[in-house]
*Asks:* 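For reference, the structure I am asking about is given below.
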Amino acid sequence: MLFDAFKNRKSPKIEFVKTHPTWRVAWGTVDVNYENIVWRDEKFSVILPRTDSEFQTEKLAISSGGRFVVVGDVWLTNRVQLLQKLGIEPDSFSGSSLQLIADLWERWGNESLSQLVGMFALVVWDREKQVLRLVRDRIGVRTLYYTTTGSVRWIAPQLRTLSPHRSSDLDLVALRDYLCCAFIPGERTLWEEVRELRPGTVLEFPNHKVQAYWQLEEQITAIDQPLSWHGDRLRKLLEQVVQEYLPPANEPVGVFLSGGLDSSAIAALVAKFHKAPVHTFSIHFGSECPNELEFSSLVASHCQTQHHILEITFKDMWSRLPETMAYLDDPIGDPLTVPNLLLGKLARESVEVVLNGEGGDPCFGGPKNQPMLINSLYGSVTNQDALQAYLISFQKCAVDLPQLLKPEVWKAVQTAPWVFEEDLYSQASYLNRLMAMNIKFKGADQILTKVSNLTQAALLQGRSPLFDQRVVDLSMKIPPEYKLSGVEEKAVLKQAIADILPEAIIHRPKSGMMVPVQLGFRKYWQQEAKDLLLNQNAAITPYLNQVPIRNWLNYEGDTWSRYGVKLWLLVSLEIWLQVNRKA
């Protein structure tokens with residue numbers, strides 16, 4: 001079989017760091033002598049990699065009545081209000097947030113989910129009814145993975161923790177989706193026997209019932225109100241959310257600052273409310289490449305932050321890619337992965353909590369939606385349907401699939417449905433349909449999982465205020481014309497923060513953080529990439545044809561200067577497969 005060829009291959013040797021597994025849960029009968037079991041009954045076992053009591057308290061809680069066992073990762077912004085609902089004085093409660101959730105569950109069960117505000121991935125075991133529930137927060141800041149076969153189902157917040165409990169068979173549809181999007185959207189993972197719980201849902205065992213407790217929906221309100229009114233409403237919410245996301249008042253805080261509107265807005269709000277030192281962190285790629293340091297330095301000076309600038313060399317980008325891929329759950333082909341990790345390591349020298357501006361484009365109408373809006377006007381001329389246009393708008397390998405994939409792989413995935421179809425053809429306004437897909441898929445499956453994985457790898461707490469569930473909900477209430485209208489993007493966000501940023505930031509055109517992978521492959525990495533991707537023992541060889549890859553490596557016919565992005569996508573995939581290979 002195709003998969004057997006992959007299992008037995010000997011790929012080029014890649015040096016990478018060893019990552020540490022996190023907690024995991026087994027549903028089914030596990031041998032009592034299984035290593036590191038800290039709690040169990042007949043059909044439920046909790047395995048923690050460390051045995052110290054403080055770590056157990058953070059990851060495991062039993063409700064006060066003893067009925068529910070809760071395992072997970074949680075960070076709540078409304079802890080005080082929840083304690084008050086239970087009739088508990090906040091100052092008198094010394095338990096963890098996980099213990100709080102266990103007690104809420106004892107009283108209200110599933111209904112308690114509507115009261116949680118924050119980030120969480122939870123496993124809830126009902127000892128009385130012998131029912132297991134998997135729960136994920138609304139936006140997908142935290143992740144939860146589970147195996148789909150075998151007498152024992154394994155659950156963990158990180159995909160690599162499930163490595164001993166899965167096969168090496170690739171999910172070919174997930175591979176197709178990765179090549180088109182640079183991430184894997186929806187519940188699939190690159191491993192055939194592992195799935196990811198979707199945001200805002202509960203999965204129950206043994207009946208395998210999936211129930212949504214929250215859904216992203218368009219609910220446009222106050223359409224008769226001017227832009228200034230909507231900007232004021234957004235500003236009030238952003239001020240509340242940012243203050244909740246800050247560390248204690250006496251601790252320093254960091255902000256990843258590109259100099260764009262989104263990260264600059266967060267930096268300005270943080271500086272306004274936080275009295276301890278505020279550190280900002282920016283990157284550039286050396287003298288050969290354009291940068292945005294003029295803008296990030298302007299914001300840092302305006303906000304009076306302690307500003308740090310990191311130069312990332314082409315050598316850094318290549319040599320640190322294996323380490324970066326080892327920290328990611330599914331592969332992500334975004335060239336910002338390595339810079340994100342390196343900037344996180346720099347930030348950790350000064351702070352433990354770092355905020356970012358991720359979420360501004362998906363929630364408030366960034367310019368990446370413009371190609372799709374143009375297609376909606378001219379699609380009848382180009383004969384592109386909406387799905388085809390959406391896939392092409394990622395500017396990855398959508399148009400290359402028939403040539404790139406091996407014939408048997410292409411045949412297996414050619415007619416497989418896409419997870420985007422339901423949202424793309426919904427009844428919502430066209431812009432909000434695009435934004436909903438960006439929030440539900442690119443947000444949860446690329447941006448937020450990247451932030452979570454790589455900040456944790458740097459021993460940081462990464463927080464994304466613009467992806468807060470309340471901000472996302474409000475974004476779907478704002479009339480679309482106040483988000484993206486013609487060439488004016490994010491008008492409502494600009495209105496909300498216009499008084500706390502320099503005009504040069506408010507009115508500068510969106511450029512995005514451009515990682516110079518095109519130059520990297522042309523000048524620095526070409527031979528290394530050929531050795532990696534064209535090796536007969538490469539992990540991708542059973543699935544991809546070498547001819548288009550060789551053409552890209554030789555830059556044959558690169559009219560639109562897109563080969564560098566495609567090559568980074570493939571190099572990231574190859575290295576991810578190698579560092580995640582089962583021993």
*Asks:* Does the pair E239/K272 count as a salt bridge with the N-to-O cut at 4.0 Å?
*Replies:* yes
*Asks:* Should V141 and S452 count as side-chain neighbours, where that means a heavy-atom distance under 4.5 Å?
*Replies:* no
*Asks:* For a 4.5 angstrom cut-off between non-hydrogen side-chain atoms, does L113 reach W105?
*Replies:* yes
*Asks:* If we check side-chain hydrogen bond (donor to acceptor under 3.5 Å, both in side chains) with N453, which of these qualifies: T324, D329, N340?
*Replies:*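 With N453 as partner, side-chain hydrogen bond (donor to acceptor under 3.5 Å, both in side chains) holds for just one option, D329.
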*Asks:* Any idea how W75 and Y245 line up, ring-wise: parallel (<30°), tilted (30 to 60°), or perpendicular (>60°)?
*Replies:* perpendicular
*Asks:* Aromatic rings Y34 and W154: how do their planes relate, parallel, tilted or perpendicular, breaks at 30° and 60°?
*Replies:*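 Tilted, since the angle between the ring planes falls between 30° and 60°.
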*Asks:* Can you tell me if Q130 and D126 form a side-chain donor-acceptor pair at under 3.5 Å?
*Replies:* no
*Asks:* Please determine whether a side-chain nitrogen of the Lys or Arg among R188 and D177 lies less than 4.0 Å from a carboxylate oxygen of the Asp or Glu.
*Replies:*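 D177 and R188: not salt-bridged.
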*Asks:* What I'd like to find out is whether the side chain of L116 reaches to under 4.5 Å of the side chain of L104, using heavy atoms alone.
*Replies:*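 Yes - at least one pair of side-chain heavy atoms lies under 4.5 Å apart.
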*Asks:* Taking the six-membered ring where the residue is Trp, are the ring centres of Y178 and F183 under 6.0 Å apart?
*Replies:* no
*Asks:* For the residue pair D137 / Q469, report whether a side-chain donor-acceptor contact shorter than 3.5 Å exists.
*Replies:* no
*Asks:* With a 4.5 Å cut-off on side-chain heavy atoms, are V123 and W23 touching?
*Replies:*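 In short, these two side chains touch, coming nearer than 4.5 Å.
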*Asks:* How close do R142 and R136 get, heavy atom to heavy atom, and via which atoms?
*Replies:*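 Distance-wise, the nearest heavy atoms are O-NE, 2.6 Å.
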*Asks:* Kindly indicate whether the side chain of L448, heavy atoms from C-beta on, has any atom under 4.5 Å from the side chain of I139.
*Replies:*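 Touching, per the 4.5 Å side-chain cut-off.
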*Asks:* Parallel, tilted or perpendicular, judged at 30° and 60°: which one describes the rings of F120 and Y213?
*Replies:*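 Aromatic pair F120/Y213 classed parallel.
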*Asks:* Do you see a donor-acceptor pair shorter than 3.5 Å between the side chains of S263 and S258?
*Replies:*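 Side-chain D/A pair, S263 to S258: present.
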*Asks:* Between H165 and R24, do the side chains contain a donor N or O and an acceptor N or O under 3.5 Å apart?
*Replies:* yes
*Asks:* State whether the number of non-hydrogen atoms from other residues, nucleotides or ligands found under 6.0 Å of E111 atom CD is greater than 12.
*Replies:* no
*Asks:* With the threshold set at 4.0 Å, does a side-chain nitrogen-carboxylate oxygen contact exist between R133 and E204?
*Replies:* yes
*Asks:* Measure the shortest side-chain to side-chain distance between L83 and E89 over non-hydrogen atoms and say whether it is less than 4.5 angstrom.
*Replies:* no
*Asks:* Anything under 30° is parallel, anything over 60° is perpendicular, the rest tilted; go ahead and classify F281 against H279.
*Replies:* parallel
*Asks:* Salt-bridged, R470 to E244, with N to O below 4.0 Å?
*Replies:*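 Salt bridge between R470 and E244, a charged N being under 4.0 Å from a carboxylate O: yes.
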*Asks:* Assess whether a salt bridge exists between D468 and R138, defined as any Lys/Arg side-chain N lying under 4.0 Å from an Asp/Glu carboxylate O.
*Replies:* no
*Asks:* In terms of side-chain heavy atoms, does W576 have a donor or acceptor partner in S572 at a distance below 3.5 Å?
*Replies:*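 Checked: W576/S572 side chains show no N/O donor-acceptor pair below 3.5 Å.
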*Asks:* Hey, is R320 close enough to E323 for a salt bridge, meaning N to O under 4.0 Å?
*Replies:* yes
